[in-house]
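See below for the structure under consideration.
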Amino acid sequence: MEYKYVRIQGRENSYVTKYPKGVFSLCWNLIRDKQLTNEEKELFISIDNWFKENLPEPEPCKNHEKVITFFKCKSTLKMLEKLKPAIALLDKYQTPYDVVYTNFVGSIVYEDDWQIAVQVENGKMV
């Protein structure tokens with residue numbers, strides 16, 4: 001089976017979307033909770049910066065709208081490779097996460113070559 005979209009998400013809901021937090025939020029939480037070493041913190045920040053420099057930030061995310069993002073499976077192999085060290089941090093610090101592959105998302109409110117943003121309401125895709 002071929003999937004269109006993939007999302008790496010935790011098992012703890014975002015207070016904004018009421019939907020499971022994404023991989024970046026999970027890693028920022030590790031920093032907030034002072035779990036990472038300085039080297040690990042610098043590693044994650046470098047990964048986060050790479051994504052900010054190489055991927056457009058969806059307008060709905062900039063506007064703090066209730067959206068979640070998915071990567072497009074066909075165009076993001078390089079990006080998923082870039083995320084491997086961040087995922088290794090989640091594993092090291094036993095932060096539960098799921099890799100969700102799907103063809104079924106709600107209303108797409110943003111799309112570019114690499115990702116989509118989907119509207120969320122009360123913890124569900126709209």
Side-chain angles (χ1 to χ4, degrees):
M1 174 172 265
E2 243 182 81
Y3 292 102
K4 293 180 186 177
Y5 311 109
V6 61
R7 177 177 166 79
I8 302 162
Q9 63 188 34
R11 296 184 184 163
E12 175 185 336
N13 289 343
S14 160
Y15 71 92
V16 174
T17 65
K18 310 296 185 249
Y19 199 87
K21 293 178 181 181
V23 63
F24 291 95
S25 292
L26 295 174
C27 288
W28 280 113
N29 286 352
L30 291 174
I31 291 172
R32 178 200 66 204
D33 296 342
K34 297 181 178 14
Q35 289 186 276
L36 303 184
T37 66
N38 285 337
E39 293 80 18
E40 292 167 336
K41 179 179 173 181
E42 288 174 23
L43 171 65
F44 173 70
I45 290 172
S46 73
I47 293 167
D48 190 57
N49 286 338
W50 185 90
F51 275 85
K52 288 176 182 172
E53 292 166 7
N54 290 280
L55 210 64
E57 184 177 6
E59 201 62 37
C61 293
K62 287 182 191 177
N63 296 335
H64 306 288
E65 295 174 33
K66 291 182 180 179
V67 297
I68 58 169
T69 56
F70 289 83
F71 289 117
K72 291 181 174 180
C73 291
K74 288 192 176 189
S75 59
T76 56
L77 290 177
K78 180 181 178 183
M79 288 168 212
L80 293 175
E81 277 297 311
K82 280 287 196 188
L83 279 175
K84 280 186 177 180
I87 293 167
L89 292 172
L90 297 178
D91 289 338
K92 179 178 178 180
Y93 292 98
Q94 300 180 342
T95 303
Y97 65 91
D98 299 300
V99 181
V100 178
Y101 289 90
T102 187
N103 291 330
F104 303 98
V105 295
S107 299
I108 297 174
V109 295
Y110 173 88
E111 184 170 5
D112 61 36
D113 291 339
W114 305 277
Q115 62 190 335
I116 60 168
V118 176
Q119 186 176 2
V120 180
E121 193 173 296
N122 296 320
K124 296 188 185 328
M125 290 182 272
V126 179

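Count residues from 1 along the sequence.
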Are the side chains of [X] and [Y] in touch, meaning some heavy atoms are under 4.5 Å apart?
X: Ile8; Y: Leu83; result: yes
X: Tyr110; Y: Val118; result: no
X: Arg11; Y: Tyr97; result: no
X: Asp113; Y: Lys72; result: no
X: Thr102; Y: Phe70; result: yes
X: His64; Y: Val16; result: no

State whether the side chain of [X] and the backbone N or O of [Y] hold a donor-acceptor pair below 3.5 Å, judged by distance alone.
X: Thr17; Y: Val67; answer: no
X: Tyr19; Y: Ile68; answer: no
X: Glu40; Y: Thr37; answer: yes
X: Ser14; Y: Lys21; answer: no
X: Arg7; Y: Val99; answer: no
X: Lys34; Y: Ile31; answer: no
X: Asp48; Y: Phe44; answer: no

Let me confirm one number: the [atom1]-[atom2] distance from [X] to [Y], rounded to the nearest 0.5 Å.
X: Leu90; Y: Cys27; atom1: CG; atom2: SG; result: 4.5 Å
X: Asn103; Y: Glu2; atom1: CG; atom2: CD; result: 8.5 Å
X: Ile108; Y: Met125; atom1: CD1; atom2: CE; result: 10.5 Å
X: Ser25; Y: Leu30; atom1: OG; atom2: CG; result: 11.0 Å
X: Glu53; Y: Ser46; atom1: CD; atom2: OG; result: 10.0 Å
X: Asn29; Y: Glu12; atom1: CG; atom2: CD; result: 6.0 Å

State plainly whether the residues Glu81 and Lys84 are in salt-bridge range, i.e. N to O under 4.0 Å.
->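 Looking at Lys84 together with Glu81, the answer is yes, because their closest N to O distance falls below 4.0 Å.
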Any Lys/Arg nitrogen of Lys62 or Glu57 sitting under 4.0 Å from an Asp/Glu carboxylate oxygen of the other?
->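 No.
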Do [X] and [Y] belong to the same hydrophobic cluster, where Ile, Leu, Val, Met, Phe, Trp and Tyr are linked whenever their side-chain heavy atoms lie under 4.5 Å apart, directly or via other members?
X: Val120; Y: Val23; result: no
X: Val100; Y: Ile116; result: no
X: Tyr101; Y: Tyr5; result: no
X: Ile87; Y: Val6; result: yes
X: Val109; Y: Phe71; result: no

Aromatic ring proximity, centroids under 6.0 angstrom, Phe24 and Phe51 |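 Centroid separation for Phe51 and Phe24: below 6.0 Å.
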Sequence neighbours left out, what pairs pass side chain to side chain donor-acceptor pair (under 3.5 Å) with at least one residue falling in residues 115-126?
->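 For residues 115-126, and leaving out neighbouring residues, the side chain to side chain donor-acceptor pair (under 3.5 Å) pairs sorted by first residue read Asp112-Gln115.
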Please report the shortest heavy-atom distance between Pro20 and Gly10, naming the atom on each side.
->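 For Pro20 and Gly10, the tightest heavy-atom pair comes out as CB-O, 3.1 Å.
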